[in-house]
Amino acid sequence: MINNQFPGPLLNTTTNDVVIINVYNNLTEPFLMTWNGVQLRRNSWQDGVEGTNCPIMPGKNWTYKFQMKDQIGSFFYFPSLFFQKAAGGYGPIRINNVQTVPLPFLRPDYEYDILIGDWYFDEYKDLRISLEDGCKMPFPDAILINGMRSNQAIFEFQPGATYRLRISNVGLKTTLNFKIQDHEMLLVETEGAYTLKKYHQSLDIHVGQSYSVLVTAKNHSYGSSYHMVASSRFIPRELSGLGIIRYPGFDVEPLVAVYPDEPSQDEYGYSMEQALSIRTDLLVGAARRNPQGSYVYGSINISRTLILQNGEAALDGQNRYTVNGVSFLHPRTPLKLADYFQLSDVFEPGFVPAAPVDDVPRLGVSVIDANYHDFVHVVFQNPLDSLQTWHSDGYNFFVVGMGRGKWEEGKMETYNMIDAIYRSTIQVYPYSWTAILIKLDNQGMWNLRSQDAEKWYLGQEFYIRVKGDVNDPSKISPRDEAPIPANVIKCGKVADL
């Protein structure tokens with residue numbers, strides 16, 4: 001619960017707002033909150049993940065302070081430690097346009113935040129212990145909509161009104177297909193980028209992803225209520241969570257429940273085709289008045305290429321997940337603090353290779369050094385039979401290509417170098433690849449991770465240290481990176497510094 005609410009309260013902000021959030025930890029174990037998709041411009045001190053922040057200890061509080069700099073869009077927050085997300089703790093984030101930047105569509109009459117996700121009846125501590133004992137996550141037990149089981153979440157619709165639904169998959173590992181009985185959805189935004197408008201009967205929403213759609217209510221007050229459906233994808237167990245859209249005067253449930261009949265559970269081709277159809281609307285502005293297409297990413301020279309391959313290995317008697325053969329092992333001292341205080345024995349940049357290698361998998365502290373303002377080409381290569389989802393803290397990126405099989409350099413000729421979608425979380429289908437381009441214009445220590453909670457917890461992540469030419473972090477200009485917070489929590493080897 002956050003403020004005795006599940007899901008937690010809406011964080012309702014506007015572009016360039018400075019947000020101050022005091023988190024009091026009333027649990028019996030350490031806690032951190034992270035802000036999925038919020039870029040925290042030049043301020044990774046506030047990221048709320050284990051590599052950047054010391055935890056808030058039981059009975060203590062800590063105040064986050066950051067700016068919604070040059071962003072709009074739909075996002076969410078969640079707890080980042082100890083598998084606590086499996087018990088909730090998440091809530092929606094809106095970053096609204098400033099009044100001087102118009103919406104690229106008629107302003108909706110109403111907005112709803114819709115948090116969908118898989119759910120497990122087991123206690124989160126039991127799930128965590130099971131993972132540490134070498135067991136794999138079981139299939140989920142239910143699908144929740146706004147923290148409620150089927151037919152409990154009710155959304156009131158007024159005849160003829162337009163609704164903006166901000167939908168986020170806050171689950172642990174399951175892709176969900178979202179649709180509304182007898183209503184079309186007009187996709188308009190995903191994770192801070194306005195999309196070319198296109199109607200969809202259903203949307204595949206992968207773990208950690210957020211979408212905004214416009215739905216026009218039927219222009220009458222008679223008939224039935226309607227179902228909102230979030231259904232599992234790509235797992236053997238077919239699960240559905242049902243919400244109810246209710247028009248005035250109809251308090252009963254919809255007469256006919258709509259369960260997913262298409263696309264089929266394992267139809268990856270349909271999902272990939274839909275993903276490739278989502279494009280950025282270059283003619284409109286987002287956080288600023290200038291069109292999104294004024295940044296011509298296709299004409300920028302690529303500084304370097306990273307090829308990141310996910311894997312699985314048994315290490316020290318435990319099932320672990322890897323990136324290029326390395327499974328991340330957290331040191332007691334957060335990487336950001338170790339870097340600031342110039343400790344040389346906490347991590348070794350380059351420990352994780354920049355491409356897959358034919359070597360024995362290993363445990364280690366994975367940090368990749370990158371130069372401030374580099375333009376990096378990243379290829380996610382998935383050689384396994386399960387879908388992957390990746391997220392980058394601190395950045396959005398251009399999703400320029402995806403396809404089946406193994407990536408090779410010739411695939412770059414197929415890239416979309418004009419209007420690729422710009423987002424922070426992307427899927428990689430089984431035995432497939434996905435390519436992104438990312439401008440490293442946000443200095444700091446940033447987490448790049450699997451959004452699958454099981455894989456993340458067991459090592460499938462690393463950090464990108466984005467730095468300029470200054471060797472002493474304490475001398476970095478505040479124009480390039482925010483100084484260390486006055487209220488910073490110190491732990492590990494810096495506890496007494």
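Just the heavy atoms: all of them, side chains too, but no hydrogens, waters or symmetry mates, feed the values below.
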For Val399, run the side-chain contact (heavy atoms from CB on, under 4.5 Å) check against Thr425, Ile421, Leu437 and tell me which one passes.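 So the option named by the test is Ile421.
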Member of Val326, Val365, Val367 meeting the side-chain contact (heavy atoms from CB on, under 4.5 Å) criterion with Val352: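 So, applying the side-chain contact (heavy atoms from CB on, under 4.5 Å) to Val352 and each of Val326, Val365, Val367, only Val326 qualifies.
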When you compare the side chains of [X] and [Y], does any donor N or O come within less than 3.5 Å of an acceptor on the partner?
X	Y	answer
Asn36	Gln451	yes
Asp419	Thr280	no
Glu461	Tyr321	no
Asn53	Tyr64	no
Arg449	Asn447	yes
Ser210	Ser74	no
Asn396	Glu191	no
Asn22	Thr63	yes
His206	Thr389	no

Using the side chain to side chain donor-acceptor pair (under 3.5 Å) rule, take Gln388 and Tyr429 through it: C-alpha gap first, then chi angles, then the decisive distance, then the call. CA-CA 6 Å; Gln388 297 285 124; Tyr429 295 96; over 6 Å; no
How are the rings of [X] and [Y] set relative to one another: parallel (under 30°), tilted (30 to 60°) or perpendicular (over 60°)?
X	Y	answer
Trp35	Phe66	tilted
Tyr268	Phe234	parallel
Trp119	Phe6	tilted

What do you reckon, are the aromatic ring centroids of [X] and [Y] less than 6.0 Å apart?
X	Y	value
Trp407	His377	yes
Tyr340	Trp45	yes
Phe398	Tyr297	yes
His330	Phe347	no
Phe328	Tyr463	yes

Think Lys406 forms a cation-pi with Trp433, using NZ or CZ under 6.0 Å from the six-ring centre and within 45 degrees of its axis?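 Negative - Lys406 is either too far from the ring of Trp433 or too far off its axis.
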Would Arg362 and Phe351 count as a cation-pi pair here, with the cationic atom under 6.0 angstrom from the ring centre and within 45° of the axis?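 Arg362 over Phe351 ring: yes.
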Just how far is it from atom [atom1] of [X] to atom [atom2] of [Y], taken to the nearest 0.5 Å?
X	Y	atom1	atom2	result
Leu131	Lys455	CG	NZ	11.0 Å
Leu187	Gln274	CG	CD	8.5 Å
Tyr90	Phe76	OH	CZ	10.0 Å

Check whether any side-chain heavy atom of Asn416 lies under 4.5 Å from a side-chain heavy atom of Arg279, and answer yes or no.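 When only atoms from C-beta onward are counted, Arg279 and Asn416 do touch, with a gap below 4.5 Å.
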The test is ring-ring contact (aromatic ring centres under 6.0 Å, His included); show your working for Phe83 and Tyr457 and say whether it passes. CA-CA 7 Å; Phe83 225 67; Tyr457 188 73; 5.6 Å; yes
Go through it in stages, so that I can follow the logic: the residues are Asn310 and Gln381, the test is side chain to side chain donor-acceptor pair (under 3.5 Å), and I'd like the CA-CA distance, side-chain angles, deciding distance and then a yes or no. CA-CA 7 Å; Asn310 56 280; Gln381 181 72 54; over 6 Å; no
